[in-house]
Every structure is written in C-alpha cells, then in structure tokens.
Amino acid sequence: MSFDMINKWFVMSRSSHPEDFSSVLHYHNSYEIFVMLKGSTTILVDDELIDINQGEILLIRLNDLHKNNGGTYHERYAVHFTERYLHTYFTDETIKALIRGFDNKKRTIKGEAFLYIIKLLESMESESELVFIHLAELITRIYAEKNQTAPRIKQSYRITEKIFAYINENYAYIESLESIAAAVHISKQYLCAVVKKDTGLTVSDYLNEVRINNACELLRSCNKKITDVAAECGYNSSIYFGRVFKEIVGMTPSEYRKYAKTI
C-alpha cells in the first residue's frame, strides 16, 4: 500500500532503521520534514535519488511520491503536518511563507545550528500545546541556514532519474517497458536492472504508483467520471484501474473521492 493515510493533522516520530531497511514507495496528504540524526540513507522523491547524511534535512512536498531506500544504520525525525493544521493557527500569508521552501531538496545544517534544530524537535515532543509555535520556528530556522551541499550523483542514479523523469512526464501515454527503454536509449533488460538496483522497485510498479498518484490528484480536484480519470492516467480499462487503485490506495476510487473531502 503506497497511500499513507495520515488521519491526524500533525504527526511526528523519531525512529531508527537497520542497514537493510527499505520502505515502500508512498505519499501522504501532508508536508514532511525529514531530519537525519545519525547514519545515512538514500531517499527517492518523485524522480530524484537523494543521499541524506547526519545533519541533513529534506523538506518533502505534499502528496509527492517518496521512499526510504536505506543505507547505513540511521536515526531520523519525521514531522508531518497538513494544510488544515496550518490553517488552524496561521494566516494565509504566513502559510505561504512557511511552505514556500518545501521543494524536495536537502539542506545541510552543521554544529550549533543543528543542535538547536534537535532541541526544537524535542520541545515539539514534550510541549504539545506549543507545537505550532515550535513548528513555525523550526521551518524558519531551516530556511535561515544557507545550504552548502553540493550534491554528488552516482552514474546509475542519473540513468534511473532519467527513466523516472520520462515516466512522470509521459505516464498517460506509455504502452510498454520497451517504449520507456527506447525513449531513454537503453535496453529493456538494463532498464529493469538499473531501476531495481537503485530503488528496489520494478519499473511497472513505479509506473503504476505515478499513475495512481495523479489519479488521486484528479479525484481530489475535479468531478470527472472515474472512467475518464482512468483514461487520463493511462488505463484503457476502468476495471483494471479500479483493481490497481485499491491495491495501492487501500480503497476504491469512489471511496477515496469521499475521503479526500475530509482531509
């Protein structure tokens, strides 16, 4: 299941993961602040593979596909908050300022500045009535630190990112794995092998996740018939679309449309 249904408007957690950890590809109806406390991991966000090390922070956009691919043993904080949560405490202008930097890019924060970030996170855990104040300060502090990270991208990552970028741009029209391979000028066998090696996913799984994620966006934002939504997202059969949708989201398209009105 890739749709992470966060029923609360604000959720945060601190957890540790072993070297062989790998999450499922998922998305949720919240913004996410991912803070690496120890170790390192690789995060897939949309079509980018991003190495995250101690002292680095990733700001993930609302409803964007992402996956923790794992790396070394690592500990992290994850803070999730919805737009409804922000609207409970802040004006529209303030909300725009708070979410402007959620760009799926990592930021590096060192020394005393990072220790202060951890202090704010610990305060959010212990002072529930002041969480919204600490959250605003946390985001402001992250924005204030200049990002000095020059990303180094592995060669295989470049190929996988090219594949995923093509899928994200053309998911509605892709007919086969062969057509993807031809578009990025590699063999079908290498296409499947490099994606599996870098992400643990199959190309077909990623394509379906992208299609269903976009279907969810249509179901949230318009009143088009479900058959039309299926067709716009690359599914010729609405029955097959419904089966894949339920497998990934955990509910039917009609049920999701009703649920989306509550978030």
Residues that [X] engages under salt bridge (Lys or Arg N to Asp or Glu O under 4.0 Å), provided they are two or more places apart:
| X | value |
| --- | --- |
| Lys246 | none |
| Asp103 | Arg107 |
| Lys258 | none |

Taking [X] for the side chain and [Y] for the main chain, is one N or O donor matched with an acceptor at less than 3.5 Å?
| X | Y | result |
| --- | --- | --- |
| His26 | Leu65 | no |
| Lys110 | Gly55 | no |
| Tyr256 | Val249 | no |

Salt bridge (charged side-chain N to carboxylate O under 4.0 Å, His left out) contacts touching residues 66-88 (sequence neighbours left out):
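Applying salt bridge (charged side-chain N to carboxylate O under 4.0 Å, His left out) to every pair that reaches into residues 66-88, excluding sequence neighbours, yields Arg14-Glu75, Lys38-Glu75.
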Write out all pairs satisfying salt bridge (charged side-chain N to carboxylate O under 4.0 Å, His left out) with one or both partners inside residues 19-31, taking only residues at least two apart or from two chains.
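Sorted pair list comes back empty.
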Just checking, any donor-acceptor pair under 3.5 angstrom between side chains of Tyr206 and Asp47?
no
Centroid-centroid under 6.0 Å between Phe81 and Tyr31 rings
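Aromatic pair counts; centres sit under 6.0 Å.
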Looking at Tyr77 versus Phe114, is the centre-to-centre ring distance below 6.0 Å?
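No, too far apart.
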Can you see whether Tyr143 has Arg100 sitting over its ring - NZ or CZ less than 6.0 Å from the centre and within 45° of the normal?
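Positive - Arg100 is close enough to the ring of Tyr143 and near enough to its axis.
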List the atom pairs, donor and acceptor, that lie under 3.5 Å between side-chain atoms in residues 129-137 and the rest of the protein, sequence neighbours left out.
| unit_1 | atom_1 | unit_2 | atom_2 | d |
| --- | --- | --- | --- | --- |
| His134 | NE2 | Glu127 | OE1 | 2.8 |
| Glu137 | OE2 | Tyr116 | OH | 2.6 |

